[in-house]
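A single structure is presented below for examination.
Reckoned from all heavy atoms, side chains included, excluding hydrogens, waters and symmetry mates. Below, chains carry the letters A, B, ... as their sequence lines are ordered, and counting in each starts from 1.
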Amino acid sequence: MAQMSAEVYRTTRPGLLGAANVGETVQVAGWIQTRRDHGGIVFVDLRDSTGILQVVLDPEAASAPAAVLSGLRREYVISVTGAVAARGPEQVNPDLATGEIELVATELRVLSPSDPLPFQLDGRVDVDEALRLEYRYLDLRRPAMAANLQARSNAIRAMRRVLDGRGFLEVETPTLVASTPEGARDVLVPSRLRPGRFYALPQSPQLFKQLLMISGVDRYYQIARCYRDEDFRADRQIEFTQLDLEGAFWGQDEVLEVLEEVAVAVTRDLRGLELARPFPRLTWQEAMDRFGTDKPDIRFGMEIQDLSALFAATGFKAFAEVLAGGGTVRGINAGAQGLSRAGLDGLVERALALGAKGLVWMVVEEDGSLRSPVAKFLSDDEQAALGAALRVSPGDLLLVVADRFQVVAKVLGALRLDMGQPEGHDEIAFVMVTDFPMFEVGEDGSLTSMHHPFTSPEDVTEMAESPGTAASLAYDVVLNGAELGSGSVRIHNPEVQAKVFEVLGITEEDASRRFGWFMDALRYGTPPHAGFAYGIDRMVSILQDQPNIREVIPFPKTQTGADPLTGSPSRVEKEQLGELGIEIAPAVLAIWAEEESPT
RNA sequence: GGGGGCGUGGUGAAGUCUGGAGUUCACGCCGGCCUGUCAAGCCGGAGGUCGCGGGUUCAAAUCCCGUCGCUCCCGCCA
């Protein structure tokens with residue numbers, strides 16, 4: 001079979017052919033999308049990654065025997081030689097890119113047959129995702145999924161184009177790193193050569209890219225796989241991909257400019273849309289005040305209004321007590337929702353679930369008066385002022401929450417999304433959120449980094465003296481209400497870094513043990529630097545109008561971290577564990593035994 | 001850790017609330033007819049332990065308990 005190596009399967013591709021090729025003799029190969037067998041003549045839609053082409057198999061013209069033609073089935077892989085012919089005017093298919101032509105076959109070879117499929121690829125029904133994942137290689141043949149893979153590739157290509165054009169150096173950093181038990185749970189990998197020790201898979205290349213800055217790499221980027229062992233969501237997988245970047249002698253403005261350029265290029269390539277620059281910018285406080293969240297969806301208004309001043313002298317006890325206690329009263333005008341009493345009760349329940357002590361709803365009547373369980377507690381002046389503040393029209397639904405600022409923001413922010421978020425994703429609304437707080441204050445008063453502990457404070461003195469309110473040089477990029485990524489100006493001064501650890505309550509000893517190597521590096525001439533990481537899965541899924549990131553990940557895992565195709569995570573042989581010095585806990589072995597017993 | 005949804009021939013759904021023969025619809029699959037269809041058409045056929053286990057009942061896809069899987073959300077995600 002020496003001639004096999006010289007065998008020609010195709011001379012062109014199905015989707016590349018058009019009216020210009022009429023009269024040419026070509027050979028194409030691909031999968032049979034559908035077959036229409038008329039007893040004599042047989043039509044086959046031949047599919048590959050370029051598109052679909054109709055092949056006409058006439059038993060009198062084709063050299064293949066009739067038995068072969070009638071034996072063709074979906075997803076058979078075939079190679080066809082024939083003449084490109086124009087279709088008659090009655091036979092043009094306007095729904096097909098190649099609909100003006102067809103291939104009249106003279107020779108057909110079956111390269112691979114296919115078993116009947118476990119599910120249909122035609123996209124007319126939503127197949128159970130577990131089944132799709134078990135047969136992902138079939139799922140990915142569907143044009144919609146192939147388009148997602150293509151879009152992802154296009155996005156990464158656009159990123160590289162922008163950054164390569166700006167002289168960035170692409171550098172790979174390790175994926176077997178030291179565990180830093182802070183932030184997300186690490187994915188751990190046992191070491192064979194040093195039994196009892198573990199690598200962690202990186203949550204991000206953060207410290208390595210900072211080391212690269214110290215190394216003299218001026219501008220760095222990496223398409224970096226990152227790992228966080230936390231619970232799954234529609235937009236969260238245990239492993240995900242980031243565009244990680246960093247620049248020396250940079251401040252926030254330089255980073256944001258590059259981020260915009262990347263976002264513009266990716267949006268252009270994926271959606272053919274030219275975004276206006278600069279992107280809208282909000283400080284964290286503005287975002288929280290107006291939208292109740294640090295990742296605002298600015299495709300619609302329904303902004304939160306502070307009503308505290310308006311109720312300063314209110315006789316309504318619930319509001320007065322909150323205000324006396326330093327809280328705030330805020331509301332949104334949700335517009336004409338036309339909700340039933342049950343619907344309104346549902347909103348109250350939702351507010352309670354979000355942590356509110358209550359939710360005041362009011363519906364604006366035709367005469368401008370307010371229909372509400374609490375209307376009788378509000379003076380005429382208050383009602384009038386409320387109407388003015390929320391710019392009401394008859395039929396509008398007003399939602400008011402009184403509580404601590406954090407609670408009000410969370411509840412109204414969530415209700416705003418419930419009531420107003422657009423269904424489609426026609427609009428692409430990027431927004432930069434800046435001036436994040438340095439720290440998050442826990443219930444017990446403890447401080448944790450809002451971003452990460454290598455983020456520079458805006459003012460070191462302020463940070464030391466009032467860490468609870470101190471601002472940082474951290475920023476996010478938000479797209480349609482989703483956080484696409486975060487970045488910051490980093491600390492390049494070891495004393496400042498030590499101070500941040502101190503404020504975080506990390507002892508000098510702890511800091512030295514965990515990050516001593518990094519603190520040392522900071523002492524050898526560290527340039528000021530700043531950077532960012534874009535979540536590529538999220539960016540592509542939103543730009544592709546996909547409901548979750550699994551649609552743009554070729555081989556994702558299920559919510560319990562499993563891959564139905566390969567069976568990971570799998571048990572391993574005792575011998576393997578022995579080499580690693582690892583034993584399975586008796587409690588786990590008992591569960592295994594129970595699973596295996598046939599009962 | 002918690003809350004919600006889903007699980008019915010190969011696929012997708014209806015049936016479940018209000019228990020009464022594995023019933024129905026669409027697609028796919030197999031066979032037959034058919035030489036211009038294009039998600040071809042027409043005729044015929046096969047195919048299901050209603051996720052799994054237990055309980056209630058004369059009787060369970062349907063009610064109850066448990067469990068597994070998938071999914072959405074809260075917590076978590078420096």
Exercise for the section: Consider the side chain of V127(A), meaning its heavy atoms from C-beta on, and name the nucleotide among G36(B), U11(B), C70(B) that approaches it most closely. Expected result: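 For the V127(A) side chain, the nearest candidate turns out to be U11(B).
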
Practice task
May I ask you to say whether D231(A) pairs ionically with R236(A), meaning some side-chain N is under 4.0 Å from a carboxylate O?
Solution key: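 No, no charged N to carboxylate O under 4.0 Å.
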
Exercise for the section: State whether R74(A) places a side-chain N or O below 4.0 Å from either non-bridging phosphate oxygen (OP1 or OP2) of G28(B). Expected result: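 Yes, within the criterion.
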
Handout entry: Polar side chain donor-acceptor pair, T173(A) to Q222(A), under 3.5 angstrom
Key = yes

Handout entry: Distance below 4.0 Å between T34(A) side-chain N/O and A39(B) OP1 or OP2
Key = no

Exercise for the section: May I ask you to verify if any side-chain N or O of Q559(A) is less than 4.0 angstrom from the OP1 or OP2 atom of C72(B)? Expected result: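 The answer is yes; a side-chain N or O of Q559(A) sits under 4.0 Å from OP1 or OP2.
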
Handout entry: Plane angle bin for F436(A) and W284(A) - parallel if under 30°, tilted between 30 and 60°, otherwise perpendicular
Key =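 Tilted, since the angle between the ring planes falls between 30° and 60°.
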
Exercise for the section: Verify the stacking flag for F43(A) against U37(B): centroid separation must be under 5.5 angstrom and the ring planes must differ by under 30 degrees. Expected result: yes

Practice task
Verify the stacking flag for H38(A) against G36(B): centroid separation must be under 5.5 angstrom and the ring planes must differ by under 30 degrees.
Solution key: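 Here the ring of H38(A) and the base of G36(B) are not stacked, as the 5.5 Å and 30° limits are not both satisfied.
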
Exercise for the section: Return no unless some side-chain N or O of R228(A) is found under 4.0 Å from OP1 or OP2 of A78(B). Expected result: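 So the side chain of R228(A) is within the cut-off, an N or O lying under 4.0 Å from OP1 or OP2 of A78(B).
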
Practice task
Give a yes or no on whether a salt bridge exists between R47(A) and E75(A), defined as a side-chain N under 4.0 angstrom from a carboxylate O.
Solution key: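 Salt bridge present between R47(A) and E75(A).
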
Exercise for the section: Compare side-chain N and O positions of R233(A) against OP1 and OP2 of C74(B) and report whether any pair is under 4.0 Å apart. Expected result: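 For R233(A), the contact criterion (side-chain N or O under 4.0 Å from OP1 or OP2 of C74(B)) is met.
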
